[in-house]
Each structure stands twice: as structure tokens, then as C-alpha cells.
Q: 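Structure incoming, see below.
Here is how names work: the chains are called A, B, and so on, in the same order as the sequence lines, proteins then strands, and each is numbered from 1.
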Number of protein chains: 6
Amino acid sequence: MKLLVINPNTSAGMTAQIAAAARAAAAPGTDIVAVQPDFGAPSIEGHFDDAFAAAGVAQQARLHGADADGVVVACFGDPGLDAAREATAAPVIGIAEAAFHAASFLATGFSVVTTMTRTCTIADHLLHKYGFERRCRGVHGTDIPVLDLESMGEALVGRIEAAARTALERDRSGAIVLGCAGMADLALRLQQRLGVPVIDGVAAAVKFAESLAALSLRTSRRGDYAPPLPKPYAGWAAGLSFTAAD
Amino acid sequence: MKLLVINPNTSAGMTAQIAAAARAAAAPGTDIVAVQPDFGAPSIEGHFDDAFAAAGVAQQARLHGADADGVVVACFGDPGLDAAREATAAPVIGIAEAAFHAASFLATGFSVVTTMTRTCTIADHLLHKYGFERRCRGVHGTDIPVLDLESMGEALVGRIEAAARTALERDRSGAIVLGCAGMADLALRLQQRLGVPVIDGVAAAVKFAESLAALSLRTSRRGDYAPPLPKPYAGWAAGLSFTAAD
Amino acid sequence: MKLLVINPNTSAGMTAQIAAAARAAAAPGTDIVAVQPDFGAPSIEGHFDDAFAAAGVAQQARLHGADADGVVVACFGDPGLDAAREATAAPVIGIAEAAFHAASFLATGFSVVTTMTRTCTIADHLLHKYGFERRCRGVHGTDIPVLDLESMGEALVGRIEAAARTALERDRSGAIVLGCAGMADLALRLQQRLGVPVIDGVAAAVKFAESLAALSLRTSRRGDYAPPLPKPYAGWAAGLSFTAAD
Amino acid sequence: MKLLVINPNTSAGMTAQIAAAARAAAAPGTDIVAVQPDFGAPSIEGHFDDAFAAAGVAQQARLHGADADGVVVACFGDPGLDAAREATAAPVIGIAEAAFHAASFLATGFSVVTTMTRTCTIADHLLHKYGFERRCRGVHGTDIPVLDLESMGEALVGRIEAAARTALERDRSGAIVLGCAGMADLALRLQQRLGVPVIDGVAAAVKFAESLAALSLRTSRRGDYAPPLPKPYAGWAAGLSFTAAD
Amino acid sequence: MKLLVINPNTSAGMTAQIAAAARAAAAPGTDIVAVQPDFGAPSIEGHFDDAFAAAGVAQQARLHGADADGVVVACFGDPGLDAAREATAAPVIGIAEAAFHAASFLATGFSVVTTMTRTCTIADHLLHKYGFERRCRGVHGTDIPVLDLESMGEALVGRIEAAARTALERDRSGAIVLGCAGMADLALRLQQRLGVPVIDGVAAAVKFAESLAALSLRTSRRGDYAPPLPKPYAGWAAGLSFTAAD
Amino acid sequence: MKLLVINPNTSAGMTAQIAAAARAAAAPGTDIVAVQPDFGAPSIEGHFDDAFAAAGVAQQARLHGADADGVVVACFGDPGLDAAREATAAPVIGIAEAAFHAASFLATGFSVVTTMTRTCTIADHLLHKYGFERRCRGVHGTDIPVLDLESMGEALVGRIEAAARTALERDRSGAIVLGCAGMADLALRLQQRLGVPVIDGVAAAVKFAESLAALSLRTSRRGDYAPPLPKPYAGWAAGLSFTAAD
């Protein structure tokens with residue numbers, strides 16, 4: 001089984017880190033192929049970054065999605081998720097949605113601990129779009145820049161742990177969702193320290209994509225996830241158009 | 001990996017059928033153990049049946065859940081799901097919730113096709129409890145009695161297919177959720193006929209339970225899913241109490 | 001008029017206490033018959049306890065509901081409420097729903113003060129199921145075990161009063177709902193101390209059941225509250241089946 | 001016990017009719033005093049009529065509410081309900097809210113059958129304000145003018161019955177709420193014909209007001225239902241001001 | 001273009017102040033005509049005051065709305081808004097709704113700072129009615145009486161500023177809505193001090209009414225905003241009836 | 001006043017058409033500058049097209065937004081709206097949101113008539129994100145390709161009119177929102193034929209942007225709409241980065 005893991009930002013270091021996390025979670029027969037767009041921001045920390053990331057996910061899903069058995073969008077804002085679902089019939093899972101789904105199997109209420117506070121609005125919006133607005137009892141920013149997560153020292157871990165403890169207490173929550181692909185390494189360590197389920201979306205998305213693929217379940221081609229209508233795209237996107245032959 | 005699959009009704013035939021569906025979906029190393037309560041209704045077709053089924057799930061989860069790596073509650077009303085999550089630290093998945101989660105990965109809107117119309121209220125309630133009330137665009141009863149599903153002739157299949165076609169059209173949906181454990185065999189056949197994803201909750205629950213177990217994610221023991229408080233139960237339930245030793 | 005009051009736990013002391021509270025609220029011509037299941041937990045403090053209680057309510061409603069003019073389910077989680085409505089055509093009222101309805105006649109926002117914090121999730125769920133999620137501004141646990149309420153000393157009363165005062169202030173609420181049948185005695189005393197309406201669900205449920213009965217309003221037999229389908233139940237539940245003769 | 005029943009329109013015939021319906025529902029010791037504003041519209045069939053009716057209810061509650069044990073606002077739009085709750089500490093019940101509450105005790109879904117289609121928006125708004133937007137599955141106008149209901153011939157009854165039958169079928173409902181005080185006489189007759197609970201809000205409001213009064217539950221004086229601030233009113237409303245002495 | 005600005009309270013001083021604020025916001029060709037009812041309360045600080053104000057708005061819209069190009073209802077509770085929309089085909093804008101709409105163009109979350117805490121419930125209700133319950137992250141009372149705002153000293157400004165700062169911080173908001181027509185003068189000053197958009201509803205309503213009028217968009221006459229049905233009104237309202245000639 | 005109108009697709013013909021519609025709506029002193037991205041799809045008819053359009057809007061807002069007094073995003077899916085709000089402090093209005101806001105000032109319920117049925121999901125999502133899910137009573141696809149709208153013959157107009165009539169009837173609506181920038185010319189004509197308000201989002205957005213600019217209201221720079229964090233973008237987006245100097 002081939003899983004395409006799309007890192008929506010342009011940081012090759014983070015792509016490698018995400019690929020490693022995905023491989024650690026994958027079943028023996030699963031092949032992880034990790035890619036990133038050739039344009040956009042090195043980290044996604046706001047709506048402006050996110051707009052480029054969504055186009056980048058659409059680009060990568062179009063270029064590499066055709067023969068994938070599943071696709072993972074590995075940024076917590078799930079940029080371009082719907083676009084990728086049009087671009088390929090393989091099941092496509094965002095890491096935010098995967099983490100929310102996993103958490104809601106394990107606790108009646110969960111809290112999200114993420115990076116920049118300004119991105120909490122994006123998480124709020126996703127929670128509402130997906131229907132987890134009642135399950136999620138709080139979204140907490142730590143104001144740690146995304147790229148600082150690459151070298152995860154104890155000081156950073158401590159800040160995230162402290163934010164998680166506060167969240168569990170204030171929100172009366174039973175589980176923690178880590179709100180950034182860059183926190184993937186942290187899940188098991190935090191889980192041991194906190195004594196509650198700690199969910200990394202990359203791992204969860206890999207397992208859910210494997211699950212759907214194993215059940216021969218693919219993205220619906222009826223309605224808004226039907227393949228894009230054939231028409232010529234302009235500029236750098238010219239090669240990404242769909243044609244009647246698609 | 002050992003998965004405990006609890007059929008909440010007392011029909012041994014349906015337990016066997018569910019076990020077969022679960023095994024068909026399970027990964028090679030997964031051992032399926034299927035059980036059923038020793039009391040209650042032979043099929044769950046209303047709130048009254050459901051109350052006994054929930055107690056039956058609690059009983060079976062208490063008796064057999066301790067050494068399971070995952071638990072599946074295999075009736076579309078997810079009876080006793082929260083009780084089972086208290087009774088064991090293994091991840092517990094209901095087949096209705098599993099099907100809803102799977103469908104929402106594949107389509108922006110899905111429809112449920114189920115058995116007795118009178119059970120649609122139970123599905124409505126679950127959809128709302130879980131947060132899928134916007135994703136699900138319709139719940140459709142066929143008024144086929146649950147136990148008629150054991151011998152699934154073409155006439156029955158045709159009725160279910162027709163209901164699914166109507167649902168896709170009227171609800172502008174992109175996927176079908178089968179609303180009964182007894183319909184598990186039908187998913188692939190209907191998927192081929194309808195050309196949209198058709199989700200059987202038994203298979204989906206098995207894969208999601210395997211996924212969580214593989215990721216070392218277990219039911220939260222903090223908050224309302226903490227183990228039941230120790231106290232003596234009365235009557236036929238006497239042996240099911242939790243004690244300080246649990 | 002005969003009101004069947006079902007205590008869903010197995011504590012005879014609490015049954016007597018609830019019966020007394022029901023009688024204190026009942027109109028002169030109302031006869032209170034209080035029963036309890038012959039199995040299950042002595043107090044309902046979580047989902048596991050609740051599953052047995054729901055089956056117990058179904059049992060008692062089936063055994064004693066036929067000639068009742070109204071039925072009250074006297075545990076704040078309203079266990080088995082829908083099942084009891086199938087089992088008898090008499091109007092059936094849960095004490096949580098009764099208290100929520102009463103409070104929403106008296107204040108635009110109310111707060112719930114209950115026993116174990118772990119049961120707050122059950123109250124949250126009911127509030128949402130019934131549509132009071134905007135009227136209720138907070139659910140507050142006191143972590144007083146249910147059975148401690150039988151001997152209600154001033155220390156306990158003080159803890160509940162303090163929790164209520166905090167709730168009124170923090171939630172900007174205008175009324176208090178007492179979240180346990182065991183708190184029935186407390187309502188008037190607290191009301192005098194707090195200067196806001198304090199609602200005990202047992203009393204409210206008795207009056208609402210009397211009201212519906214007086215108006216010849218009975219549970220709908222159309223749709224999901226139709227009588228259970230006839231089929232043989234197994235095990236200890238065998239005698240509770242409905243038959244074509246019902 | 002004295003119940004003040006306020007007909008918010010200026011039609012004396014309807015006041016008498018409502019008073020009769022209230023008396024028919026009231027307990028032996030309950031004294032019904034029915035009043036109407038001295039200004040406004042003879043029937044409430046839109047937002048403009050409703051604005052006068054709300055001020056009329058405020059007027060009557062101020063003039064006659066002080067010694068009432070309970071107040072009923074007897075127009076299906078519940079005009080001036082919040083104002084009346086400020087004006088008197090007695091419990092105040094609107095007939096729409098009473099009917100919605102009663103229906104939700106009896107069926108998981110109900111439908112409203114009302115007079116002019118243009119008033120359906122008012123009912124929709126109330127359903128949402130009170131939290132019954134999920135319990136109510138449809139609001140159906142018959143375009144019968146309110147005052148035509150005074151002489152309820154079989155033709156009119158037939159139109160309302162037909163609308164109710166359609167509603168039950170289309171909405172998959174289990175109960176009917178009659179959406180006008182002028183339909184009070186009809187409830188029992190329709191209930192017999194339709195075989196489901198049919199709820200008249202006047203009767204329901206009377207019983208619920210009696211219930212609250214019997215339990216010593218009065219409108220909260222904390223928060224937005226505190227007595228109006230003392231200040232001089234102008235024009236025809238001059239005599240209705242509250243003063244520091246109130 | 002003629003804009004009718006209705007001050008729903010009877011304070012002539014506030015009418016003048018509102019008219020000045022409206023003129024300051026209006027485009028060169030816009031003529032502001034400010035009126036007030038001849039009855040009711042000098043300030044609207046609760047549901048009781050509001051009921052008279054709504055009737056007063058209906059009265060003024062009926063008397064002066066026929067030749068207006070737009071109507072503004074200038075009290076933060078938007079009293080009588082729907083009634084005024086029936087009474088005239090000109091577009092009618094409430095200052096609360098205008099402020100909410102404007103704020104939601106400028107920030108993903110806003111907070112309301114208003115006068116008496118007891119009126120927060122009215123704002124909460126409007127937010128929900130209009131659909132801004134997710135955009136508004138908090139409604140904050142300052143307990144400043146409305147009429148104290150006429151002489152806006154630095155002490156009052158300081159209290160409002162402090163409340164706004166607290167709101168921005170606690171609610172994680174990006175804009176402030178001023179919750180009283182009497183605060184109109186304050187918007188620009190506070191905006192400079194706080195560094196976030198501060199919205200006065202009077203100015204916003206004037207611009208939105210001008211906008212709709214310029215686009216030939218008028219209140220819908222189909223459905224519940226159709227002109228009131230012709231019928232004779234009683235008492236002081238007698239002259240306000242609609243007739244077949246309207 | 002300078003308004004930047006961004007057509008998110010790459011069709012120059014549609015840009016010209018939108019510019020003309022914007023100029024027709026604009027006040028005398030308003031200068032309309034219409035632009036389009038240099039990449040992407042010639043029409044936006046799905047999520048895939050939309051992802052490129054959002055990046056295109058971000059690009060154009062970054063390149064041309066700095067000296068604008070207001071920005072209009074002129075595609076009914078409001079692509080890149082949040083990104084544009086980060087990229088410039090000028091108020092930014094999407095044509096879908098503008099139309100929804102305008103419609104909700106004019107009717108208690110409105111319907112949307114749009115182009116391809118597959119885009120209805122995008123409108124549904126926006127309605128929910130903005131809070132108009134209760135005001136909008138239906139979204140209706142006509143399956144007219146966007147680019148066919150450039151030459152608007154009577155046959156097309158007739159199809160749209162018919163869809164609007166059906167929508168008004170079925171949805172019990174009072175106003176029509178046109179769901180495509182390409183329908184701008186149609187609004188007044190349809191309004192005359194249908195007798196209800198018909199809203200074109202381009203015109204509405206122009207007026208609302210003018211309104212906010214006139215009131216010195218600009219996008220909040222606090223929270224998620226703060227300027228993008230400075231960091232180097234890659235590929236074709238390299239020139240769009242924000243720096244510390246921004």
C-alpha cells in the first residue's frame with residue numbers, strides 16, 4: 001500500500017520529520033512517500049500562509065495522487081483537504097480531522113494544544129466544520145513558532161506539557177490533541193507524563209488512511225468531490241488542469 | 001491483537017454473522033472474539049430493546065474486556081458504549097460511530113439506510129451526540145425487520161438498494177451508511193451497484209479499533225470514563241461490581 | 001390518580017426518601033407508588049451504573065406501568081426514559097428533564113449543582129438532547145457521593161450551598177437545579193438561603209406528570225414510542241417481552 | 001390560587017373563550033381571572049400586531065399581576081413574556097412554550113399546526129429561543145384567520161385535521177401542537193380523530209402555572225428578570241412605571 | 001435620501017444625540033429625521049422597558065416610515081425591528097444588528113461592551129437570533145445607567161475602556177461593539193486608545209441603510225414582512241391600523 | 001476612495017464584467033480597480049479550482065492591497081478572504097458574505113440560486129461559517145457553467161428565474177441571493193420579475209466596503225488577522241513574503 005504524505009509547507013526538514021513519524025505509525029506493508037509543494041511558506045502560521053499551502057496540497061495531490069492508496073495532508077489546518085479529495089479518488093485524511101476523530105473515540109471531551117495563538121481560530125473553524133465543536137473543550141496556543149519544534153529540547157517539551165496540564169484541568173478534558181505536525185515525536189512521551197491519551201494527527205491519519213484503503217473505501221466521486229471539471233489552468237498551474245481524459 | 005466484538009442482542013446467528021464480517025475486515029494478526037449477553041432481546045428495534053442491550057454490553061465488556069486490545073459494540077444504536085468505556089481501558093468503538101466517522105472522511109454529506117423506521121430516532125440522536133448532524137443528510141427506514149437480514153435474498157437487497165438510490169438523490173449525498181450490523185455482508189455489493197462508498201460499521205469499527213490499539217491509544221481514565229466506583233451490585237448484576245482491587 | 005415513581009438504583013433507603021419527596025409534592029388525590037429494580041447499583045454515579053439503571057427502569061415500567069396514570073424516573077441521569085415511554089402509554093417524566101423545564105420557566109439562565117463531577121458529562125448530554133444547552137449556563141460537581149446525601153448534615157448542605165453561590169455568580173444564572181434525587185429535601189431550604197428559585201426534579205416531575213394526566217395527554221404511540229415489537233426476550237428479562245396481545 | 005390569564009389581543013370574545021378553556025383545565029381551587037389590553041389589535045397575525053400585544057401584556061401584568069399566583073400569556077407568539085416576568089414575581093407561562101414543553105414530554109418529535117402562514121416565522125423564532133428547534137419537525141400554516149376560529153365549524157375543523165395528518169406524515173412526528181389560543185376547544189376532538197397527543201397551549205400553561213405555584217417556585221428576581229428599574233414612563237404608559245417603593 | 005432614525009426611548013436629549021451621530025455618519029445627500037415615541041420609558045434597560053419601546057418603534061415607523069428611504073432603529077436591543085419591517089417597505093436596520101454585521105467583516109471574534117449587566121441577556125438573544133453567537137465571544141455589562149452616558153466624562157470613558165480591554169484579553173477578540181446608542185460619540189476615541197476596530201451601531205446602521213437604498217433593495221413584502229393585515233386597532237393605537245387601502 | 005476588486009479566476013472577460021458591475025454600484029467618488037491572479041482556473045466550480053483562487057486572491061491582495069481603501073473578493077465562494085484580511089489593513093468583503101448580510105436585513109429567510117450544483121456544498125459551508133445557516137433556507141444549483149453567464153441570453157435568464165421561483169415557494173423565502181459574480185447584471189431584472197429583493201453580491205460588497213471605509217473601520221490587526229509573520233516564501237510566491245519592514 002502506498003500512502004502519499006503531503007507536507008503543506010516548504011520546509012524539507014519538516015517533511016523528513018513528518019515522513020519519519022508516518023513510517024513509525026505505518027503497518028509493515030505500507031510505503032510512505034512524503035512530498036512538499038515547490039512554493040509557499042516554510043511554516044503555516046496564519047491564513048495567508050494557509051492559502052499558499054492549500055494550493056500546494058492541491059498541486060501535490062494532482063501530481064502524485066493518482067497511484068496512491070491513500071493521502072495524508074500533514075498540517076494541522078488541513079489546508080487543501082477538499083481540493084485534494086477532488087484531485088484523487090484515494091481516501092484523503094487531514095491530520096487535524098484524524099486527531100479529532102481519534103480523540104473523540106477515547107474521551108467525551110478533549111483539548112487541543114497548538115503553536116501560535118493566532119492559529120487557534122483556524123482550529124476553531126475546523127472543529128466547527130467537522131462537527132467536533134462540542135467534543136473539543138478548548139484550543140490553547142503556546143506561541144511556540146512552528147520551526148522551533150524541529151529541535152525539541154526539554155524546555156519546549158516542558159512548555160507544551162504545562163499547557164496540556166492547564167488545559168486538562170480548566171477544560172475538564174480527558175485527552176490532548178497535539179495541534180501541529182511538528183509535535184509528532186512528542187505524543188508518547190507526553191502520554192506517559194500526563195496519564196491521558198495524547199494524540200498526534202500524523203500517526204492517526206496514517207492509520208485511518210490504511211483502514212479505509214483496506215476496506216476498499218475511496219473518496220466519493222458523486223457531488224462536490226467529483227473530479228474537477230476539465231478546463232485550462234493559467235500560469236504556474238497550467239500543468240495541473242484536468243481534461244476530459246482524466 | 002485481540003478484539004472483543006460484542007453483539008448486543010441475544011441472537012447467536014447474528015453473533016456468528018457479525019464475527020464473520022469482523023474477521024473479514026481484520027488484519028492478519030487480529031483475533032476476533034465474538035460474544036453476546038445472556039439476556040435481552042434477539043434484535044434491537046427500539047428504545048426498550050436498547051435498554052436491555054446496553055446493560056448486556058456493560059455485562060460483556062466487564063466479563064471479557066480486561067484482556068482485550070480493543071472492543072467493538074456491534075449494534076447500530078451503539079448501546080452501552082459509554083458504559084463499556086468505563087468497564088475497560090481498551091479502546092471501544094461503536095459501529096454507528098465508526099460508520100459515521102468513515103463516511104465523513106469520504107463525502108461531505110452521507111445518508112443512512114436502516115431497518116425499522118422507528119429506530120431512525122435513535123440514529124438521529126447518535127448523530128447529534130457525536131456531532132455528525134450536519135454531515136448526515138438523511139436517515140431512511142426500510143421497515144425490514146432485523147432478523148430478516150440473516151437470509152439476505154435479492155428481494156431484500158433490492159429494497160435496500162432502492163432506498164439507497166432515493167436517499168442519494170433526495171439528500172444530495174455522496175455516501176451510504178448501512179444502519180444495521182446485519183447488513184455487513186451487503187456493503188461491497190451495494191458499493192458496486194451504486195458507485196458511491198457504502199460503509200458497514202462492523203468493518204469500520206474493527207479497523208479503527210486496530211488503529212487505536214496500534215498507536216497505544218486507550219480509553220481515557222480521567223473524567224467520566226474513569227473505572228466505575230467500587231460498590232456492591234444487586235441481583236443478577238452482583239458479579240459485575242467493581243472493587244477497590246480493580 | 002396513581003403515579004409510579006421508579007428509583008433506578010437499588011437502595012431501598014433512597015426509594016423511601018424519594019417516595020416521601022414525591023408525596024410532599026403530590027396533589028391530595030394522587031397516590032404515589034415507589035419501586036426500584038431488583039438488580040444493579042445502589043447509586044448511579046457513572047455510565048456503567050447508568051446502563052444497569054436504564055434496564056432496571058425498563059423492567060419496572062414494564063412490570064408496574066400498565067395501570068399507572070403517570071410515571072416518574074427518579075434519577076438525575078433520566079436512565080431508561082425512552083424505554084419506559086415505549087413500555088407504557090402513561091406519560092413518563094424524568095427528574096432531570098422536569099427540573100430543566102421548570103427552571104427555564106423561571107429564569108433565562110440556570111445552573112446545575114450535582115454530586116460526582118464525573119456525572120457532569122451525563123447532565124451535559126441530557127441538556128443537549130433536550131435542547132436546554134443554551135439555558136443551562138453551567139454544571140457543577142461537588143464530589144459528594146450520592147449515598148452520603150441520605151443523612152444530610154449541615155456540613156453537606158453548606159458545601160452544596162457554596163457550590164450554588166459560586167455557580168450563580170460565575171454563570172450569571174438566575175436559578176439552581178439540584179442534580180440528584182437525593183437532594184430533594186434541600187430545595188426549599190436552599191431557596192430561602194439563596195433567594196433564587198431552587199428546583200428539585202422529583203417534585204417538578206410529580207407536578208408535570210399530574211398535569212399531563214389531568215389533561216388526558218399520554219405518551220404518543222406513533223413512531224419510536226410505539227409499544228415494543230413482540231418477540232421473546234432471553235435470560236432474566238424473559239418475562240418482560242411484549243407479545244401480540246399487549 | 002389565582003391565575004391571571006392575559007389575552008394579548010383586544011377581542012373580548014376571544015378573551016371569554018380563552019377563559020373558558022383555562023377554567024376547563026384548572027384544578028378545583030384555581031380562580032381564573034382573564035383580562036385583555038385596552039389597546040392594540042383584535043388578533044395577532046404578524047410582527048406589527050405582536051409589538052402592540054407585547055406592550056399590552058406588559059400593561060396587564062403590571063396592573064393585575066401583583067397578587068396573582070401565576071400568569072398565563074394566551075397568544076401563541078408569547079408576546080411580552082419576558083416583560084411580564086419582570087413585572088411580577090409570580091411564575092409566568094406562555095402558551096407556546098407550554099405547548100412545546102408538554103409535547104416534548106410525549107413524543108421525540110412534534111409538529112405545529114397554526115393559523116396564518118406568515119406567523120410561522122414567529123413560531124420558528126420561539127422554538128429556537130426556547131431550544132425546541134430539534135424537537136419540532138415542522139410548523140404548518142393553514143391560512144385560517146384567527147377570528148374565524150371563534151365559530152369553529154366542521155369545515156374549519158376538517159382543514160386543521162387535514163393539515164395535522166399531513167404534518168404527522170411528512171415530519172415523521174408523534175404529536176401535534178395547536179398554534180393558536182383560538183384552537184383550544186379543538187384539542188380533545190382532534191386527539192380522538194388523529195390518535196396522537198394534541199396539545200392546546202392554554203390548558204398546558206394553566207397546569208404548568210399551577211404546578212410551579214404549588215411548589216413555591218416563582219420567577220427569579222436575580223438578573224434580567226429583576227423588577228424593572230424605577231423611572232418615569234411617558235404618555236399612556238405613565239401609570240405603569242416602577243418606583244423605588246415597588 | 002431620507003433616513004428615519006427612531007430613538008425607541010422617550011428621552012429627547014438622547015434623540016438629539018443620536019441624530020447628531022447619525023448625521024456625522026451620513027453621506028452628503030442624506031437627510032436624517034429623528035423621532036421618538038410619545039410614550040414609554042426614558043431609557044431601555046430591561047425587558048419591560050423594551051416592550052413599550054417595541055410598540056413605540058412600531059408607532060413611529062407607521063407614522064413616519066411611508067416616505068423614508070431607510071429606517072434606523074436606534075436602541076441596542078433592536079426593539080420592534082420586525083414590526084417596523086412590516087410597517088414600511090423601506091429597508092429597516094437595527095443598531096445592534098448593524099454593529100454585529102460590521103464587526104464580523106473586521107474580525108473573526110468580537111466582544112460587546114454595554115451598559116446594565118441585566119441587558120446582556122437581550123444582547124445574547126439577538127446574537128443568537130441573527131446568527132452571530134459564534135462570532136461574538138462575550139457580552140460585558142458595565143452597570144453604567146444609560147442616561148449617565150449623556151454627559152460622558154473621562155471617568156465613564158475610563159470604565160468603558162477598561163471593560164473593553166478586559167474583554168479583548170479574556171475573549172481573545174479582535175474588535176469591540178459598543179452596546180448602547182448613547183455610546184456613539186465614543187467609538188473613534190476608543191478605537192484610537194485600544195488599537196482595534198470599535199463599532200458604534202448608529203453609524204453602521206446609517207451606512208448600511210444608505211447602501212441598501214442606493215441598491216434599490218427594500219424590505220421583502222413576501223412572507224412575514226408583508227404589510228400588516230387590515231383590521232381595526234383599539235385604544236391609543238387606533239390610528240395605526242392598516243386598511244385595504246394601504 | 002479606491003476599491004480593489006479581485007476576480008479570483010483568470011478570465012479577463014469576467015474581470016471586466018465584474019468591474020462594470022462594481023462601478024455601477026459604487027458612489028461617485030469611488031475608484032474601482034479590478035484585478036485577477038496570473039494563475040489558476042478560468043472559473044471556480046469546485047474545491048480544486050477554489051484552492052488556486054484562494055492563493056490568487058492572497059497574491060493580488062498582497063500586490064495591490066496596500067493603498068486600497070477597501071477590497072472586494074468577487075467570487076461567490078469567498079476564496080482567500082481570511083488571507084486577504086491578513087495581507088492588508090483595508091476592510092475586505094467577500095461577495096457571498098455581502099449578499100448574505102444584505103439578504104438578512106431584508107427578509108427572515110432567503111434562498112440562494114447558483115451555478116453548478118456541486119458548488120452548493122461550498123455555499124453551505126460559508127453559510128455555516130458566517131452564521132447564516134438559519135437565515136438561508138435553501139441553496140439551489142442550476143448546473144449552468146459559470147462562463148456561460150458571460151452571454152446572458154433569455155433562455156439562461158429564464159432558467160435562473162424558474163429556479164428562483166421554485167426556491168421562493170419551497171423554502172418559504174422572502175429574498176433571492178444570486179450565487180455567482182457572473183450573475184451581477186441580472187439582479188434588477190429578476191427583482192422586477194419576482195417581486196422580491198434579489199441580491200447581487202458584487203454590488204452589496206462594494207457598498208459595504210465603502211461604508212466601512214467611510215466610518216474609518218479597518219480590518220483588526222489583533223489576533224488572527226494580524227499581518228503575516230515575516231518569513232521567506234519559496235517558488236513563484238517568493239515575492240509575496242512579509243518582512244519585518246512590513
Side-chain angles (χ1 to χ4, degrees), chain D residues 9-11 36-43 45-59 61-62 79-87 116-122 124-125 128-129 145-147 222-229 231-238 240-242, chain E residues 9-11 36-43 45-59 61-62 79-87 116-122 124-125 128-129 145-147 222-229 231-238 240-242:
Chain D
N9 69 40
T10 59
S11 163
Q36 66 190 46
D38 60 14
F39 63 86
S43 60
E45 296 170 313
H47 304 294
F48 192 71
D49 297 347
D50 185 90
F52 298 93
V57 168
Q59 178 199 47
R62 173 66 174 133
L81 185 63
D82 288 321
R85 285 183 178 148
E86 275 190 26
M116 307 304 285
T117 302
R118 63 185 292 163
T119 66
C120 292
T121 306
I122 297 178
D124 285 339
H125 178 211
H128 213 273
K129 181 179 173 189
V146 169
L147 295 181
R222 183 189 173 101
D224 59 314
Y225 286 160
L229 296 174
K231 54 191 156 189
Y233 278 43
W236 64 261
L240 305 174
S241 314
F242 278 72
Chain E
N9 69 41
T10 59
S11 162
Q36 67 190 45
D38 61 13
F39 63 86
S43 60
E45 296 169 314
H47 303 293
F48 192 71
D49 297 346
D50 185 270
F52 297 93
V57 167
Q59 177 200 48
R62 175 66 173 134
L81 185 63
D82 288 322
R85 283 181 179 150
E86 274 191 25
M116 305 305 284
T117 301
R118 63 186 290 164
T119 67
C120 292
T121 306
I122 297 178
D124 285 340
H125 179 211
H128 214 271
K129 180 179 174 190
V146 169
L147 295 180
R222 183 188 173 101
D224 60 313
Y225 287 160
L229 296 174
K231 54 190 156 189
Y233 278 41
W236 63 262
L240 305 174
S241 313
F242 279 71

Q: Which residue out of E:A53, E:P228, E:G56 racks up the most heavy-atom pairs below 4.5 Å with chain D?
A: E:P228
Q: Among D:A87, D:P79, D:A41, which has the most heavy-atom pairs under 4.5 Å with chain E?
A: D:A41
Q: Distance from D:Y233 atom OH to E:T10 atom OG1, nearest 0.5 Å?
A: 9.5 Å
Q: If you count heavy-atom pairs under 4.5 Å between each of D:P232, D:G80, D:A83, D:A238 and chain E, which one has the most?
A: D:A83
Q: Would you please name every residue forming a salt bridge (charged side-chain N to carboxylate O under 4.0 Å, His left out) with E:D82, sequence neighbours left out?
A: E:K129
Q: Using a cut-off of under 4.5 Å for heavy-atom pairs, which of E:H128, E:R62, E:H125 has the most such pairs with chain D?
A: E:H125
Q: For a quick test of reading the model, state the closest non-hydrogen atom pair linking E:A51 to D:A54 and the distance between them.
A: CB-O, 4.0 Å
Q: Measure distances from D:P145 to the heavy atoms of chain E and classify the residue's part below 4.5 Å as side chain, backbone, both or neither.
A: neither
Q: In terms of heavy-atom pairs under 4.5 Å with chain D, which of E:F52, E:F242, E:W236, E:F39 leads?
A: E:W236
Q: Below 4.5 Å from any heavy atom of chain E, which atoms of D:S241 appear? Answer side chain, backbone, both or neither.
A: neither
Q: If we define contacts as heavy-atom pairs under 4.5 Å, which of E:A234, E:P42, E:G46 has the most with chain D?
A: E:A234
Q: Non-hydrogen atoms of chain D under 4.5 Å away: do they reach the side chain of E:T119, the backbone, both or neither?
A: neither
Q: Identify the heavy atoms of D:A55 and E:A55 that sit nearest to each other, and give their distance.
A: CB-CB, 3.7 Å
Q: Using salt bridge (charged side-chain N to carboxylate O under 4.0 Å, His left out) as the criterion, list what pairs up with D:D49, not counting sequence neighbours.
A: E:K231
Q: Under a 4.5 Å heavy-atom cut-off, does chain D meet the side chain of E:P37, its backbone, both or neither?
A: neither
Q: Output the option from E:C120, E:G235, E:A61 having the highest count of non-hydrogen pairs under 4.5 Å with chain D.
A: E:G235
Q: Which of the residues E:L229, E:D224, E:L240, E:D38 is involved in the greatest number of heavy-atom pairs with chain D at under 4.5 angstrom?
A: E:D224
